[in-house]
There are 2 protein chains.
Amino acid sequence: MNGTSTVAPELVARVRAAAEALNYEPSPVARSLALGRTSTVSLIVPDLANPMFQDVLRGLSNAAAEEGHRLLVAESNENAGEEAILAVEARRRSDGLVLASPRVPEEELRSLSERLAPLVLLNRELPGSSVPSLSVDYAAGIKEIVAHLVAFGHRHLVYLSGPEASTSNRDRIAALHAAAVLGPGFTLTELACGATFEDGHQAARAAVATGATAVVAYNDMVAFGAMSGLRELGLDIPGDISITGFDDIPFARYTSPPLTTASIPRNELGRQAWGRLWALMNGGPVAHNVRFQPRLLVRDSTGPVPDRPASGRRRKGSA
Amino acid sequence: MNGTSTVAPELVARVRAAAEALNYEPSPVARSLALGRTSTVSLIVPDLANPMFQDVLRGLSNAAAEEGHRLLVAESNENAGEEAILAVEARRRSDGLVLASPRVPEEELRSLSERLAPLVLLNRELPGSSVPSLSVDYAAGIKEIVAHLVAFGHRHLVYLSGPEASTSNRDRIAALHAAAVLGPGFTLTELACGATFEDGHQAARAAVATGATAVVAYNDMVAFGAMSGLRELGLDIPGDISITGFDDIPFARYTSPPLTTASIPRNELGRQAWGRLWALMNGGPVAHNVRFQPRLLVRDSTGPVPDRPASGRRRKGSA
DNA sequence: TTGAAAGCGCTAACAC
DNA sequence: GTGTTAGCGCTTTCAA
């Protein structure tokens, strides 16, 4: 008789005492089965190493904890197939699901969305469906970045592309192309890259080979990697070549040079995801979808286009 | 009859088909109740924002996933009381528990350890118990750091202390004191600080005020914060003052200057924790406890002691 | 008010 | 080999 009702206080006390004595406590599993809810929600992320998802995880965990809910996490390793499996599995173990930057194709996501409900999407929209979605307007961010670079005189950009399956990557590319048709003599080269430091590092040489004067990286991690690779090739940043990131992860301001990037409210994504989920689970009114606008942070990794284009390894002091 | 046994293949097929048609899938919750196991393990960390714990989380998650297990995470917010509650709660929802750098007092941990089993401890040992423990030999790391600083001529150190309840912080302090008695004229000042960037940032002024020529930070985050604060005070690193971190988080090499620190195998802690847990859950032989030895990474945030001790705000170019 | 019983969806042990 | 039943530990409904 733990909880609420109209019970004789004396009985309550006796039961409580007995429970104490036997140090008994209710089994959450049995409770879940009987109640039909687990007080747990799940989060699926493509990559736990990505600071973006770490912050989402934290925001969601904190918010859920405030309401007495636990968090189940799973990593899909950027693999769409695995992601789908994990999602259904995790969903069945919990009362709700948040999918961060899901890699599954639209069609599949659409067909899954019913089985996964209550579901909220992060960085992914499902047009025409009623699945709540919180996203970042990557196109707007890229647009600002390009404008900034153009103001510095850059006309030839190279884009270090993110994971194939990332829709936010596609958004960035679309925005880049939109910008590319604007001016005459504007060149945009796209380079398959990835999402990690290593990916960026490996792409450095190819990026330089394109003859671009500025590199736009998929995210901060890639930018850091590229920056490190560029420097190993003897290039000065931003003297020889400019570089931009995306995300404004905590360390972006502490690199040398500090990284020009676009900031997004990572933690907030997690918190608001909880809000939507909670509303969904309780039949309350679900807040509108939002698209967070990135904020351009101009730091020192970008500068005017050099007199002579950077090309391959240069002699030190040749600036 | 999904699973294994000696069943007529035709029957199997028919059942499978029916299941497919009704798109039925077994309920993990009911399964857990009947089986008495959840195929889930829990991880409790003091602070999800700490890269150290993020990596432990990732290592554990990956390793557990390989064996088909899910991960429940909870954050105690550096709060020992909450930690204990969370631990029992999480443990009851899962088949095993890993406690990362637990903040609960030894006595309480000891009394809890039975109820929490299968349990593995990270960065915390429970002498005399049979609870597997994986830890980092912080004392050894600090010893190396001090030796490095002393070789550079530093005699006055200030330690930016971590969370009160952190045993690894106490280990560092003990090692520091052991070093302090070694030489004559050796001074060690201890400053209450914390574990975050902000904590380090706020401690910068007080650190300088001690007149120390080198600051030993509790971890990399604190070191970054202090570094940033020190620079705001007009100090050059390492020209005016040296600084060391601990952990070698991914960005330690990309700050300016790159941080001298001690590296520890964070991911490996998580992976091996899974190994111990798995052995415990299956009655297999549990591998011995290990104490990982940090590796000193000398980078550019440390240097020779300056001619004149740094003290408060200095004029630029006064070096 | 309090106690007894049915059932959440599954597995395991048992007869058939 | 195959179908049936008891029971995991709780909540809820319904009598007493």
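Letters A, B, ... are given to chains in the order of the sequence lines, protein chains preceding strands, and every chain is numbered from 1.
- Dense packing is recorded around CZ of R92(B), with more than 12 heavy atoms of other residues, nucleotides or ligands lying under 6.0 Å away.
- L35(B) comes within contact range of the sugar-phosphate backbone alone, with a heavy-atom separation under 4.0 Å but no base atom that close.
- Residues D95(A) and S39(A) have side chains that never bring a donor and an acceptor to within less than 3.5 angstrom of each other.
- Whole-Å rounding puts the R14(A) CZ to dG3(C) C1' distance at 13 Å.
- For E10(A) and dT1(C), the CD to P distance is 15 Å, given to the nearest whole Å.
- In this structure, F246(A) and Y138(A) have tilted ring planes: the angle between them lies in the 30° to 60° band.
- Put simply, R31(B) has a side-chain N or O that comes within less than 4.0 Å of OP1 or OP2 on dT11(C).
- Side-chain contact, S166(A) with R170(A): no donor N or O sits under 3.5 Å from an acceptor N or O.
- Taking the side chain of A30(B) as heavy atoms from C-beta on, and the options dT11(C), dG9(C), dT11(D), the nearest nucleotide is dG9(C).
- In this structure, the CG atom of L33(B) is 10 Å from the C1' atom of dT11(C), given to the nearest Å.
- In this structure, R92(A) places its CZ atom 13 Å from C1' of dC8(C), rounding to the nearest Å.
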